[in-house]
Structures are given as structure tokens and as C-alpha cells.
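Have a look at the structure below, then the notes.
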Amino acid sequence: MKKLELLYEGKAKKVYNTDDQNYYWVEYKDDATAFNGAKKGTIVDKGIVNNKMSALMFTYLKENGVDNHFVELVSDREQIVQRLQMLPLEIVVRNIVAGSLAKRVGKEEGYPLPEPVLELYYKDDALGDPMVNESHALAFGWATKEQLETMKEIALKANKLMTEIVARAGIDLVDYKLEFGVKDGKVMLGDEISPDTCRFWDKETKEKLDKDRFRRDLGKIEEAYAEVYSRIKEAIANV
Ligand code: TMP
Ligand code: ASP
């Protein structure tokens, strides 16, 4: 497969066309942003860790029955993915209260939720990705009822698999964000799964091993990304 022209450059990734209309060529960057781009920086070799971490998680999910866009790694920073028609929605899955939920409901970070909480966001940078609900999504045609049902099913199935595997690595999967697209009429998981898009806390020390180290200026960002990747990789290898 050939890497062709750049189609889209986002905050953390570049998407290239290929000579096969079924696939895109994705390159993960070291650029880091937070608070809808208001905070900018670089996390050295983040692109490498997130590329490999996404590959690892997507492969694990696929092997356990959660189909997704990942096809193969092509270099340290690049992977081939299936070409999906992305839905303009994000699902955030929460197992433990943190981040914006802690602020919204006035709860301490760390409160374990009795069951996973799913939130829906409308993907629009200019609006700062506002939180919406299913009736908004239906009313504005962002997804059909069936697509929303499938997204929720996939999110909960992925949550069970991901929570269990990271627990084996001694890590709490606090919360994370998923994105979905459609291929041949089928809703599928896309985008990335990495310390940029998930909150990971060490089970014992509660140390943050994710992008909150960048958002909150906690230091040792590169080390945390590398550690979380190697621990989860080892846990998956030992299944
Ligand atoms: P939040 O607490 O800021 O709403 O974030 C919830 C989870 O979603 C957290 O794991 C980080 C992830 N997330 C993204 O991946 N992209 C985003 O733009 C935001 C706001 C959150
Ligand atoms: N991804 C978002 C941004 O670039 C927010 C975040 O991850 O905190 O600003």
C-alpha cells in the first residue's frame, strides 16, 4: 500500500490517503493540546507510544470480539486503519469520578461509580465539544437510534475488556473517550485508545499515568506514558 496525500491534520494525528480506497494511513504526532487547544506542548515520543498503545488495545479488543478500524502498524509512528465515515460524536465512559464529571456534580475525584457512566459529546472544535444527549443526536441527525444503541453496546463491551486487562497491569481505568465511524453500514470503533484519551491510575499509589500529567503540569509525562504502555503490554502478553 502507498502513502499518498495528507487529507487531514488534527491535534494529535495526521491522516493520509492511500492507493486503496478501503484504508487510511495515520501518523501519530508528539504534539499535545489540552482544554480544546488552549494549552499546547510537546510530549517527546508520545506519537510512538500512542501509536503502539492504540495498536495493542485495538488488537486486544478485536481478538475479544470488539471490531474496530485498526489494521496494522507500518512504523513506530504510523498505522493503517480502515476508512470509516466518522460520526460527529464522542462517547466518554467513566468508571471512577474524575475530571469534568467531578466538577459538574461536585464530587471528589476517585469516587468509584457503581456502574459505568456513559456521556455523549458533539465533536465540534469551535464549540469546544459540548456535552449533548441522545435526543440532540437524533434531532440533529448526528446518528440514528440504531447507531446510538450499537455505540453504547460497543462502549460497554470494550469497557469490560479494557477494565479487566488494565487491572491485571495494576491500573485503574478511570475514564476514556471513544469515537465511532460507519463502514458498509456497520458502526465500528475508530480513532485512538491511548494515555491521551484515557485516564489511568496506578491501583496502589493512585499516581496518574496519562495526559492529566500534561494538563495539570505534574511532570514525568514521558515516563508515565512509557510505563503505562509497557505494563499493559505485559499484562496482555500474559493472558
Ligand atoms: P473529562 O473529564 O475532561 O470530560 O475527560 C473524560 C475522558 O475523556 C478523559 O479520559 C480524557 C478524555 N478526553 C479526550 O480524550 N478528549 C477530549 O477532548 C476530552 C475533553 C476528554
Ligand atoms: N483533546 C482536547 C484538546 O486538545 C482536550 C483534552 O484532551 O484535554 O484540547
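Both ligands and their constituent atoms are indexed starting at 1 by order of listing. All residue numbers refer to positions in the sequence shown, counting from 1.
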Relative to each other, are the rings of Phe58 and Phe70 parallel, tilted or perpendicular (30° and 60° limits)? parallel
Aromatic ring proximity, centroids under 6.0 angstrom, Tyr122 and His136: no
Ring pair (Phe, Tyr, Trp, His ring centres under 6.0 Å) pairs, two or more places apart, involving residues 8-29: none
Considering the heavy atoms of Asp196, write down every atom of ligand 1 situated less than 4.0 Å from one of them. 15 (O)
Using links of under 4.5 Å between side-chain heavy atoms of ILVMFWY residues, direct or through other members, which residues join Met188 in one cluster? Leu84, Met86
Looking only at atom types and distance, does a side-chain atom of Arg231 sit under 3.5 Å from a main-chain N or O of Gly170, one as donor and one as acceptor? yes
Region of Thr197 engaging ligand 1 - heavy atom pairs below 4.0 Å: both
Numbering as shown, the atoms of ligand 1 that approach Gly99 to under 4.0 Å (heavy-atom distance): 2 (O)
Derivation of the salt bridge (charged side-chain N to carboxylate O under 4.0 Å, His left out) call for Arg83 and Asp20: CA-CA 10 Å; Arg83 188 177 297 216; Asp20 186 327; over 6 Å; no
Considering only the protein, which heavy-atom contact is closest to atom 8 (O) of ligand 2, and what is its distance? Arg215 NE, 2.7 Å
Tell me whether Glu149 contacts the main-chain N or O of Glu146 through its side chain, where contact means a donor paired with an acceptor under 3.5 Å. no
Could you tell me whether some N/O pair between Arg199 and ligand 1 is separated by less than 3.5 angstrom? yes
Any nitrogen or oxygen of Asn36, side chain or backbone, less than 3.5 Å from one on ligand 2? yes
Can you name the atoms of ligand 1, numbered from 1 with element, that are less than 4.0 Å from a heavy atom of Arg94? 1 (P), 2 (O), 4 (O), 6 (C)
Heavy-atom distance from atom 17 (C) of ligand 1 to the protein below 4.0 Å? no
Nearest-option assignment for atom 8 (O) of ligand 1, heavy atoms, candidates Glu192, Glu90, Lys177, Met131: Lys177
As an exercise, identify every atom of ligand 1 less than 4.0 angstrom from a heavy atom of Val92. 6 (C), 8 (O)
Decide whether an N or O pair under 3.5 Å exists between Ser100 and ligand 1. yes
Ignoring hydrogens and geometry beyond distance, is a side-chain donor-acceptor pair present between Asn95 and Asp175 at under 3.5 Å? no
Tell me which part of Arg215 gets within contact of ligand 1: side chain, backbone, both or neither, using heavy atoms under 4.0 Å. side chain
Are any non-hydrogen side-chain atoms of Lys208 and Arg199 less than 4.5 angstrom apart? no
Is a donor from one side chain sitting under 3.5 angstrom from an acceptor on the other, for Tyr229 and Asn50? no
Flag, side chain of Gln79 to backbone of Glu27, donor-acceptor distance under 3.5 Å: no
Please check if the side chain of Thr205 supplies one atom and the backbone of Glu207 the other of a donor-acceptor pair under 3.5 Å. yes
For atom 10 (O) of ligand 1, tell me which residue out of Asp175, Val174, Asp125 has the closest non-hydrogen atom. Asp175
Heavy atom of protein inside 4.0 Å of atom 21 (C) of ligand 1, strictly below: no
Residue-level breakdown please: for Lys39 versus ligand 2, do any non-hydrogen atoms fall below 4.0 Å on the side chain, on the backbone, on both, or on neither? neither
Closest protein heavy atom (residue, atom, distance) for atom 5 (C) of ligand 2: Phe35 N, 3.8 Å
For Gly37, atoms of ligand 2 separated by under 4.0 Å from a heavy atom: 3 (C), 4 (O), 9 (O)
Thr33: numbered ligand 2 atoms lying under 4.0 Å from its heavy atoms: 3 (C), 4 (O), 9 (O)
Of the protein's non-hydrogen atoms, which lies at the shortest distance from atom 7 (O) of ligand 2, and what is that distance? Lys211 NZ, 2.8 Å
